[in-house]
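Step one of this worksheet: look at the structure below.
All ligand and atom numbering here is 1-based and tracks the order in the structure.
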Amino acid sequence: MGNSKNMTDSGSDRFEQGFWDKIREETRIEPKDWMPEGYRKTLIRQIAQHAHSEIVGMQPEGNWITRAPTLERKIGLLAKVQDECGHGLYLYSAAETLGASREELLAALHEGRMKYSSIFNYPTLSWADIGAIGWLVDGAAIVNQISLCRNSYGPYARAMVRICKEESFHQRQGYGIMLTLTQGTDDQQAMAQDALNRWWWPTLMMFGPHDSESSHSEQSTAWKIKRQSNDELRQRFIDITVPQADHLGLAIPDSDLKWNEAEGHYESGEIDWDEFWAVVKGGGPCRRQRIKTRVDAHEKGQWVREAATAYAHKRASRQEAA
Ligand code: FAQ
């Protein structure tokens, strides 16, 4: 933080001690509080990656708004995609409280200097994919974000509470689509199974690398940015989701999946980590298209941002004059 610059060593130690006291006592760190530079940078990285995921995540579903099978499904999907845009806004605002401007974060996304979730580099090939995204991708997002509601940075934790409430509607909407398809014709059931086959493994990858391979986990856990590990959350998601697949009459595409009575958990097969790292590093099937669509939308929206800024200035000067 800027306020640490002119401090003597002992002053700096005192601030650092105060920071760790708050972490220990579970008192939230707020924007005006002193914080270590690494804590601030880690939060900006994680929050921005999350914000970018929300706005890039609008694309795979946005593709299906005009093709949704009924008016009711169109309305539901439109509302979901709008919510994702809203989640991006809450998160960019949370990152702004750490001194990162929205413009610089978006430029980093557009220039490939910042990541977004690997999951959004996969294509949506059928209507069932929209069900699978709501059920699995939002389901995974909720498991991760419920944990983040207890993270140590106030603005991020509060944004997570609101986002989780909205994500639970999304998850139910997705599950509802899957339920309708699995109760339908043979073709509809096959479409639902095909979507599960394609989205299961990429969804498990959303939780990040194994704990042993996770470069940021140890420090982020000490700072209480992370409250549960990548593997713990992935396991939780599997345990919640397998019975939901059973209820739908769908088969999880993992021949190693089995219930371990003694552990009280499902055992599962190994993720294809080569695929994960290839997608994280920019090799996903839709990456180029996602970034191009995002940059085009940003450029086309320039006049809207300029008009909104001009209007805000005009209103502010009218208020000053009054
Ligand atoms: N994709 O050391 P770790 C949604 C990177 S929800 C891409 O374990 P960390 C809602 C990681 O950044 C999806 N990159 O990292 C929605 C790091 O790279 P770096 C978004 C990944 O941060 C639903 C490196 O690997 N949710 O969008 C991925 O401690 C439906 C080493 O990994 C969030 O972002 C990945 N899957 O733990 C929207 C949640 N995994 O920076 C539309 C907040 C890892 O060193 C439709 N984020 N990497 O170059 C987090 O909880 C954490 O950042 C993790 C990763 C758990 C994702």
Are any of the N/O atoms on Glu167, whether in the backbone or the side chain, positioned under 3.5 angstrom from an N/O atom of ligand 1? no
Could you tell me, atom by atom, which parts of ligand 1 come under 4.0 Å of a heavy atom of Val137? 23 (C), 30 (C)
Provide, to 0.1 Å, the distance between atom 46 (C) of ligand 1 and the closest protein heavy atom, together with that atom's residue and name. Glu84 OE2, 3.2 Å
Under a 4.5 Å cut-off applied to non-hydrogen side-chain atoms, are Gln49 and Met114 in contact? no
closest protein heavy atom to atom 6 (S) of ligand 1 is Ala141 CB, 3.6 Å
Please walk me through it: do Ile29 and Ile23 pass side-chain contact (heavy atoms from CB on, under 4.5 Å)? CA-CA 8 Å; Ile29 307 297; Ile23 297 286; 4.1 Å; yes
Ser215 heavy atoms within 4.0 Å reach ligand 1 at atoms 2 (O), 31 (C)
Can you see whether Thr97 engages Tyr156 through a side-chain donor-acceptor pair at a distance of less than 3.5 angstrom? no
Start with the C-alpha gap between His87 and Tyr90, add the side-chain angles, then the distance that decides, and say whether side-chain contact (heavy atoms from CB on, under 4.5 Å) holds. CA-CA 5 Å; His87 296 172; Tyr90 309 154; 3.9 Å; yes
among protein heavy atoms, the one nearest atom 40 (N) of ligand 1 is Gly208 CA, 3.2 Å
Examine the side chains of Asp129 and Tyr122 and answer whether a donor and an acceptor come within less than 3.5 Å of each other. no
Kindly say whether Ser214 contributes a backbone atom to a donor-acceptor pair with the side chain of Ser217 at under 3.5 angstrom? no
Heavy atom to atom 51 (O) of ligand 1, shortest distance: which of Leu204, Leu91, Asn144 holds it? Asn144
How far is atom 30 (C) of ligand 1 from the closest protein heavy atom, and which atom is that? Asp138 OD2, 3.4 Å
Pro209 neighbourhood, listing ligand 1 atoms whose heavy-atom distance to it stays under 4.0 Å: 8 (O), 32 (O), 44 (C)
Indicate yes or no for a side-chain donor-acceptor contact from Arg234 to the backbone of Gly208 under 3.5 Å, with no hydrogens or angles considered. yes
For Asn63, does its backbone N or O pair with a side-chain atom of Arg67 as donor and acceptor, under 3.5 Å? yes
Flag for Asp239-Gln235: side-chain donor and acceptor within less than 3.5 Å: yes
Just to be sure I'm reading this right: ignoring hydrogens, which of Phe120, Phe207, Phe276 gets closest to atom 27 (O) of ligand 1? Compare them by their nearest heavy atoms. Phe120
Glu213 near ligand 1 by a heavy-atom separation under 4.0 Å: no
Is it true that a side-chain atom of Lys74 and a backbone atom of Ala68 form a donor plus acceptor pair closer than 3.5 Å? yes
Is Asn230 touching ligand 1 with its side chain, its backbone, both, or neither, if touching means heavy atoms under 4.0 Å apart? side chain
Answer yes or no: does an N/O atom from Met205 fall short of 3.5 Å to an N/O atom of ligand 1? yes
At under 4.0 Å between heavy atoms, which part of Leu233 makes contact with ligand 1: side chain, backbone, both or neither? neither
Between Val279 and ligand 1, find which residue part has any heavy-atom pair under 4.0 Å and reply side chain, backbone, both or neither. neither
Regarding His52 and Tyr92, do their side chains bring together a donor and an acceptor under 3.5 Å, going by distance alone? yes
Exam field: side chain Trp127 to backbone Pro69, donor-acceptor pair closer than 3.5 Å: no
Considering non-hydrogen atoms of the protein only, which is the closest contact for atom 4 (C) of ligand 1, and what is the distance? Glu54 OE2, 3.9 Å
Does ligand 1 come near enough to Lys115 that some N or O of the ligand is less than 3.5 Å from an N or O of the residue? yes
Would one find an N or O of Ser118, backbone or side chain, under 3.5 Å from an N or O of ligand 1? yes
Within a distance under 4.0 Å of any heavy atom of Tyr156, pick out the atoms of ligand 1 and give their elements. 43 (C)
For atom 41 (O) of ligand 1, what's the nearest protein heavy atom and its distance? Arg45 CD, 3.1 Å
Give me the residue, atom name and distance of the protein heavy atom closest to atom 33 (C) of ligand 1. His50 CG, 3.5 Å
When you measure from the side chain of Thr42 to the backbone N and O of Tyr39, does any donor-acceptor pair fall under 3.5 Å? no
Counting heavy atoms only, which part of Tyr116 comes closer than 4.0 Å to ligand 1: side chain, backbone, both or neither? backbone
If the contact criterion is a heavy-atom separation under 4.0 Å, does Ser220 count as touching ligand 1? no
If you scan the protein for heavy atoms around atom 54 (C) of ligand 1, do you find one that is closer than 4.0 Å? no
Could you tell me whether the side chains of Glu270 and His210 share a donor-acceptor contact shorter than 3.5 Å? yes
Looking only at N/O atoms, are Glu61 and ligand 1 under 3.5 Å apart anywhere? no
Does Gln59 use its side chain to pair, donor to acceptor, with the backbone of Arg290 at less than 3.5 Å? yes
With a 4.0 Å heavy-atom cut-off (strictly under), which part of Met58 contacts ligand 1: side chain, backbone, both or neither? neither
Answer yes or no: is there a donor N or O on one side and an acceptor on the other, between the side chain of Asp211 and the main chain of Asp231, under 3.5 Å? yes
Atom 37 (O) of ligand 1: which of Lys226, His216, Gln49 has the nearest heavy atom? Lys226
Note: His87, heavy atoms under 4.0 Å from ligand 1, region reported as neither
Consider only side-chain heavy atoms of I, L, V, M, F, W and Y, link residues closer than 4.5 Å, and tell whether Leu148 and Val161 are in one cluster. no
What's the shortest distance from atom 3 (P) of ligand 1 to any protein heavy atom, and which residue and atom give it? Ser214 OG, 3.4 Å
Please state which part of His170 comes within less than 4.0 Å of ligand 1, counting heavy atoms only: side chain, backbone, both or neither. neither
